[in-house]
Amino acid sequence: MESSLSLTTIWNFCSEAMILTNESGEAFALNRAAMRLFSFTSGSMESVSIFELIPDPSFSKHFKPRQPTTGISLLLGTQELNISVVPFSVSSASYFLVIIKNITEQQNLKYQLQSAKETIRFCEMIFDEMSEGVCAIDTQGKIQFYNKKMGTLDLREPQAVKGKRIFEAWPNITEETSTLFTSLRLAKSLSQREVHFTNTGKAITTVARTIPLKVDGKNIGAVQISSDITEKKHLTEMIRQLQTQGETVPTNQNEDKRKKINNHTRFQFQDIVCSSREMRKTIEHSYRAARSSSNVLITGETGTGKELFAQSIHNESKRRDKPFIAQNCAALPENLLESLLFGTTAGSFTGAVDREGLFEQAQRGTLLLDEINSMSLNLQAKLLRALQEKKIQRLGSSRVIDVDVRIIATINEEPLKAIEEKRLREDLFYRLGVVHISIPPLRQRKEDILVLIDHFIQKHTKKLGVHVKGMDPDIQKFFLDYQWPGNVRQLEHAIEGCLNLIYDEEIITFEHLPPTFRDKMLELLAEPISPSPEGFSYVPQWEGTLAEQLEKIEVLLIEKALQEANGNITKAGGKLGISRQNLNYKLKKYQISF
């Protein structure tokens with residue numbers, strides 16, 4: 001009797017609806033869940049057939065085989081059911097146990113989850129098309145969103161950083177140095193400006209805005225939105241350059257009086273800072289080229305100073321009093337570049353007006369065509385004809401215009417490679433390369449690096465209002481060993497970035513380096529090196545230089561601070577009066593383990 005009561009209790013407390021039927025489908029027992037599903041009361045279930053409760057015609061076929069049937073999906077009104085039919089025998093009589101699971105709510109949740117995933121993917125696709133970079137983290141620092149543009153700016157693959165903690169994606173970042181964590185901690189918006197460098201050395205300037213995220217007053221994370229303002233910065237510099245036309249270049253008592261620049265240029269040969277033999281030879285070659293009106297082809301990597309040489313050649317030539325017009329061929333599509341070069345005639349296309357092109361504007365002067373290899377081969381052919389005939393026609397006009405223009409073209413790769421890969425016409429190369437000037441990359445003239453560092457420090461300290469005497473010797477050595485894919489331009493940006501972080505210091509140190517340089521320097525320090533025979537144990541003897549003795553003392557102080565702080569780098573840095581990041585740098589520099 002107790003066993004019977006126990007089974008009845010279990011039968012009624014099961015969450016699935018269960019019905020016992022005979023072979024003809026007559027239901028003679030329903031548990032409570034089944035009663036609720038079919039809206040029965042205890043006295044209203046006499047002579048009920050399972051086929052009336054579930055009127056689907058296909059349902060009856062599951063009562064014929066003598067094997068259990070599971071996973072039967074049927075609809076009952078608006079409800080979705082999952083049914084199992086289990087046959088059994090008692091005293092040679094056949095019965096069936098019908099187990100019904102109402103999966104309506106489960107399926108609704110599944111559909112809602114699928115819909116939510118589709119909405120998230122839809123939003124991600126929209127954000128991936130944005131021109132701004134977006135990175136969002138939760139309160140634990142896990143990257144929840146990272147779009148394609150941010151990956152382009154940070155040189156990261158979005159899928160490789162999504163779902164990771166920010167410290168895993170960027171090992172050199174700490175909670176103190178992360179703008180996202182700072183914004184989250186302070187609950188306030190932050191703004192900053194940074195300069196990134198691509199693998200090719202191209203400088204990208206960004207303005208980032210970091211905003212804490214809240215829901216119902218509770219912090220849920222932070223988002224950083226970065227805008228690429230490289231082109232805006234370039235245009236601003238061009239406008240500033242045009243506004244300063246006619247200004248007199250400062251004079252030096254030991255030099256001849258500099259000329260007044262009023263021809264759209266800023267540079268002369270005196271502005272080229274160098275000490276290497278290679279650059280002096282290149283300058284001498286360019287001086288000689290300035291005496292004629294032959295076309296000039298200047299080759300060199302990005303950031304070597306090709307336009308500086310082009311302007312200097314113009315200012316040293318007989319055309320110095322005539323216009324110098326520069327055009328980047330990679331900045332415009334073919335049809336727009338063609339109309340810009342040769343000019344337009346009213347009616348030649350919708351919206352066209354009578355407008356002279358760059359050839360006419362540069363009449364009797366110099367036209368600089370930057371990145372000529374970015375110009376289409378079709379337009380290169382038209383340019384070649386203009387150079388050979390010294391005549392042009394505006395778009396839509398039959399009138400031939402004589403032009404007297406010296407062409408200086410630049411290319412940021414080997415010309416023969418560009419010809420082989422169909423980016424430069426061979427005949428145009430020979431027409432432009434009457435005089436060929438090749439500017440060596442910075443890594444091949446390392447004698448110039450220290451001279452340029454001093455020059456850029458002097459140049460930018462005046463603008464930024466800081467007083468800096470020089471650079472830490474370790475940083476100087478790193479700069480000398482660095483390959484500089486962005487050449488002189490990258491070096492100047494790096495110095496300017498360091499000076500922006502100077503407060504009252506007089507020396508540029510590791511803490512002032514841009515993040516990409518800090519990462520690279522730490523990587524180099526992490527590489528295994530041969531241990532010094534003297535080791536790092538300091539013996540107070542009068543041996544070695546002052547710098548060597550000071551390094552040994554510094555190692556002792558760092559080891560002592562770490563011991564007192566039980567290996568806690570932050571606390572040890574506080575005792576020493578330096579940041580956690582700077583202490584990490586010194587630990588790797590001196591190979592200190594703890």
Side-chain angles (χ1 to χ4, degrees), residues 140-141 164-186 190 192 194 466 468-482 494-495 497-532 534-540 544-594:
Q140 302 302 313
K164 288 186 177 180
R165 294 197 75 212
I166 197 168
F167 310 118
E168 297 174 10
W170 290 273
N172 63 304
I173 289 181
T174 64
E175 289 194 17
E176 292 78 15
T177 58
S178 169
T179 53
L180 282 163
F181 262 101
T182 303
S183 176
L184 191 61
R185 184 176 66 253
L186 300 178
L190 304 173
Q192 63 178 350
E194 292 182 348
V466 295
V468 174
K469 293 180 178 179
M471 181 179 284
D472 183 275
D474 288 336
I475 309 301
Q476 279 190 0
K477 184 178 183 304
F478 169 71
F479 274 30
L480 287 169
D481 294 336
Y482 188 62
I495 297 297
C498 292
L499 295 176
N500 270 281
L501 298 179
I502 292 286
Y503 180 61
D504 56 1
E505 303 93 335
E506 294 186 343
I507 298 294
I508 294 174
T509 64
F510 176 80
E511 287 183 314
H512 303 128
L513 291 177
T516 50
F517 285 91
R518 290 202 299 266
D519 291 347
K520 185 65 178 177
M521 197 167 177
L522 289 173
E523 284 177 16
L524 293 175
L525 288 170
E527 293 177 358
I529 59 173
S530 300
S532 168
E534 296 180 4
F536 291 117
S537 58
Y538 176 64
V539 179
T545 64
L546 176 61
E548 291 170 344
Q549 296 290 323
L550 289 174
E551 282 189 358
K552 292 174 182 177
I553 294 172
E554 189 174 20
V555 170
L556 282 177
L557 292 174
I558 291 172
E559 289 176 340
K560 182 181 178 183
L562 282 169
Q563 186 177 2
E564 292 178 355
N566 294 321
N568 187 302
I569 297 178
T570 304
K571 290 181 179 178
K575 287 177 177 291
L576 295 167
I578 59 177
S579 69
R580 174 190 175 90
Q581 197 172 26
N582 198 7
L583 180 53
N584 266 322
Y585 160 68
K586 291 181 182 294
L587 292 176
K588 291 187 178 182
K589 174 184 175 182
Y590 297 129
Q591 300 289 295
I592 300 174
S593 59
F594 59 94

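All heavy atoms count here, side chains included; hydrogens, waters and symmetry mates do not. Note that the structure is predicted; figures quoted are calculated from it, not measured.
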Beyond-backbone contact of I508 with L501, side-chain heavy atoms, under 4.5 angstrom:
no
Say you draw a straight line from NZ of K571 to CG of L583; how long is it, rounded to the nearest 0.5 Å?
14.5 Å
Would you say the side-chain atoms of T182 pair up with the backbone N or O of S178, donor to acceptor, closer than 3.5 Å?
yes
F478: ring-ring contact (aromatic ring centres under 6.0 Å, His included) partners, not counting sequence neighbours
Y482
Considering only heavy atoms from C-beta outward, does the side chain of L576 approach that of I558 to under 4.5 Å?
yes
Counting C-beta onward and ignoring hydrogens, is there a side-chain heavy-atom pair between I507 and V468 closer than 4.5 Å?
no
Do side-chain atoms of R518 reach the backbone of F510 as a donor and acceptor pair under 3.5 angstrom?
no
Could you tell me the separation between the CD1 atom of I502 and the CD atom of E511, rounded to the nearest 0.5 Å?
10.0 Å
If you round to the nearest 0.5 Å, how far is CG of L184 from OG1 of T179?
11.0 Å
Would you find more than 12 non-hydrogen atoms of other residues, nucleotides or ligands less than 6.0 Å from E505 atom CD?
yes
Kindly indicate, with the supporting measurements, whether the criterion side-chain contact (heavy atoms from CB on, under 4.5 Å) is fulfilled by V466 and N500.
CA-CA 9 Å; V466 295; N500 270 281; over 6 Å; no
Residue pair F517 / I475, side-chain heavy-atom distance below 4.5 Å:
no
Reported CD-to-CZ distance for the pair Q140 and R165, which is rounded to 0.5 angstrom:
6.5 Å
Enter the distance from K477:NZ to L480:CG here, rounded to the nearest 0.5 Å.
8.5 Å
Mind checking the CG-CG spacing from L190 to L180? Nearest 0.5 Å is all I need.
9.0 Å
Side-chain heavy atoms of I495 within contact of F479, under 4.5 Å:
yes
Partners passing side-chain contact (heavy atoms from CB on, under 4.5 Å) against D474 (at least two apart in sequence or in another chain):
D472, M521, Y585, K589
Closest heavy-atom contact between A565 and A572?
CB-N, 3.7 Å
